[in-house]
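A quick write-up on the structure given underneath.
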Amino acid sequence: MDIEKVKSKVIALSDIIIENEEYLTDLDRAIGDGDHGFNMAKGFNKVKDAMNDDYKDLKTLFNKIAMTLISNVGGASGPLYGTFFMKFAQAFDGDIELDKNSFSKAFSDGVDGVLMRGKAQVGDKTMVDVLYPVAEALKNDSSFEEILKIAQEKMEKTKEIKARKGRAAYLGDRSIGHIDPGAYSSYLCIKSIVGDLND
């Protein structure tokens, strides 16, 4: 997948986040500050605009996404998503083509960055509950269909988990019964990207 194709996929990813702004807001209103949808839509509108620019390589492109999210997405999501894309970008050095192997390496590096930045683990009811299993599935060369299934199952499973991180952790047992908004936005990103990698 060349840079122009990657840019079109980033636009598609941005669109799915923007389209789900209201639902993400509803999820966050139940267990958080209620601003996840607004913040994510704001950030990815800017990311979408940034895809009008030219990029010499994938590292430059993904670094631009990282900095755009860090500077435009409020709350915890901006630094976490920004860190993901910053570490993702570092897997490419002058590369202009993206394939499944390079995507797997970059994705794993991105997840490592989120783990380091957010200090969350699987089972804490965060985006990590989706991102980490997907990184492992990519390393195991699972099919894109399997990866999408894993992402959806792990996202839905956050409904059963008591939050141990972030604002939702203050709710204790009352956080059970609600899907984590960060897990859902991560699922949307994976759903968009994984589907696109099949193109």
Side-chain angles (χ1 to χ4, degrees), residues 1-21 24 39-73 77-115 117 127 130-152 155 182-199:
M1 192 186 299
D2 63 21
I3 288 177
E4 288 307 310
K5 184 80 167 173
V6 170
K7 284 165 67 174
S8 72
K9 301 315 181 187
V10 172
I11 290 169
L13 186 163
S14 301
D15 284 339
I16 199 171
I17 293 291
I18 294 162
E19 286 162 15
N20 282 273
E21 176 182 353
L24 289 170
N39 284 335
M40 291 292 287
K42 179 186 173 190
F44 277 95
N45 263 306
K46 296 288 188 182
V47 167
K48 188 175 176 181
D49 289 344
M51 293 304 103
N52 292 318
D53 298 338
D54 292 323
Y55 298 95
K56 62 178 182 177
D57 54 34
L58 291 170
K59 185 174 186 177
T60 307
L61 187 156
F62 289 117
N63 268 326
K64 177 66 174 181
I65 294 172
M67 297 315 296
T68 301
L69 293 174
I70 287 169
S71 57
N72 288 284
V73 179
S77 301
L80 290 171
Y81 271 101
T83 297
F84 175 87
F85 280 104
M86 196 176 292
K87 295 295 185 182
F88 191 97
Q90 289 174 12
F92 304 97
D93 190 11
D95 297 328
I96 57 171
E97 290 280 341
L98 177 68
D99 58 26
K100 189 174 181 182
N101 287 335
S102 60
F103 177 78
S104 175
K105 168 75 167 63
F107 193 94
S108 183
D109 289 351
V111 174
D112 286 345
V114 171
L115 291 169
R117 182 74 187 247
M127 62 199 295
V130 172
L131 294 178
Y132 186 83
V134 167
E136 292 301 298
L138 282 164
K139 285 179 192 173
N140 294 331
D141 202 28
S142 299
S143 70
F144 289 127
E145 289 75 17
E146 290 171 318
I147 290 167
L148 185 55
K149 187 179 176 188
I150 288 167
Q152 184 170 357
M155 173 272 291
Y184 195 85
S185 59
S186 295
Y187 162 69
L188 289 177
C189 292
I190 291 158
K191 181 182 177 183
S192 173
I193 294 168
V194 165
D196 291 337
L197 287 174
N198 276 320
D199 292 352

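Given the structure is predicted, the values throughout are model-derived calculations rather than measurements.
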Of the non-hydrogen atoms in [X] and [Y], which two are nearest, and what is the gap between them?
X: Ile11; Y: Lys48; result: CG2-CE, 3.9 Å
X: Phe144; Y: Lys100; result: CZ-CD, 3.8 Å
X: Asp57; Y: Gly94; result: OD2-CA, 3.6 Å
X: Cys189; Y: Ile17; result: SG-CD1, 4.0 Å
X: Ile16; Y: Ser192; result: CG2-CB, 4.1 Å
X: Val130; Y: Tyr187; result: CG1-N, 4.2 Å

For this session: For side-chain contact (heavy atoms from CB on, under 4.5 Å), just list the numbers for Phe85 and Thr68, CA-CA rounded to whole Å, side-chain angles, deciding distance to a tenth of an Å, and then say yes or no.
Result: CA-CA 10 Å; Phe85 280 104; Thr68 301; over 6 Å; no
Expected output: side-chain [X] to main-chain [Y] donor-acceptor under 3.5 Å:
X: Ser71; Y: Met67; answer: yes
X: Asn52; Y: Asp49; answer: yes
X: Ser108; Y: Lys105; answer: no
X: Asp2; Y: Glu4; answer: yes

Heavy-atom side-chain contact between [X] and [Y] under 4.5 Å:
X: Val6; Y: Phe62; value: yes
X: Ile193; Y: Lys9; value: no
X: Glu136; Y: Ile150; value: no
X: Leu131; Y: Phe107; value: yes
X: Asp54; Y: Lys7; value: yes
X: Phe92; Y: Leu61; value: no
X: Asp99; Y: Met1; value: no
X: Met51; Y: Ile65; value: yes

[X] atom [atom1]: more than 12 heavy-atom contacts under 6.0 Å:
X: Asp93; atom1: CG; value: no
X: Ile96; atom1: CD1; value: no
X: Lys87; atom1: NZ; value: no
X: Tyr132; atom1: OH; value: no
X: Lys139; atom1: NZ; value: yes
X: Lys64; atom1: NZ; value: no

Gap between atom [atom2] of [Y] and atom [atom1] of [X] - 0.5 Å precision:
X: Glu21; Y: Asn39; atom1: CD; atom2: CG; value: 9.5 Å
X: Ile190; Y: Ile147; atom1: CD1; atom2: CD1; value: 9.0 Å
X: Met86; Y: Gln90; atom1: CE; atom2: CD; value: 8.0 Å
X: Leu24; Y: Ile18; atom1: CG; atom2: CD1; value: 11.5 Å
X: Met155; Y: Leu188; atom1: CE; atom2: CG; value: 7.5 Å

*Side chains of Asn101 and Ser104: do they bring a donor and an acceptor to under 3.5 Å?*
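There is no such pair between these side chains.
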Could you walk me through whether Phe84 and Val111 satisfy the side-chain contact (heavy atoms from CB on, under 4.5 Å) test, starting with their C-alpha distance in whole Å, then the side-chain angles of each, then the deciding distance to 0.1 Å, before giving a yes or no? CA-CA 6 Å; Phe84 175 87; Val111 174; 4.1 Å; yes
Evaluation steps, side-chain contact (heavy atoms from CB on, under 4.5 Å), between Leu148 and Lys191
CA-CA 6 Å; Leu148 185 55; Lys191 181 182 177 183; 3.8 Å; yes
(Q) Show, in sequence, the C-alpha distance, side-chain angles and deciding distance for Met127 and Ser185, and conclude whether the side-chain contact (heavy atoms from CB on, under 4.5 Å) test is met. (A) CA-CA 8 Å; Met127 62 199 295; Ser185 59; 6.0 Å; no
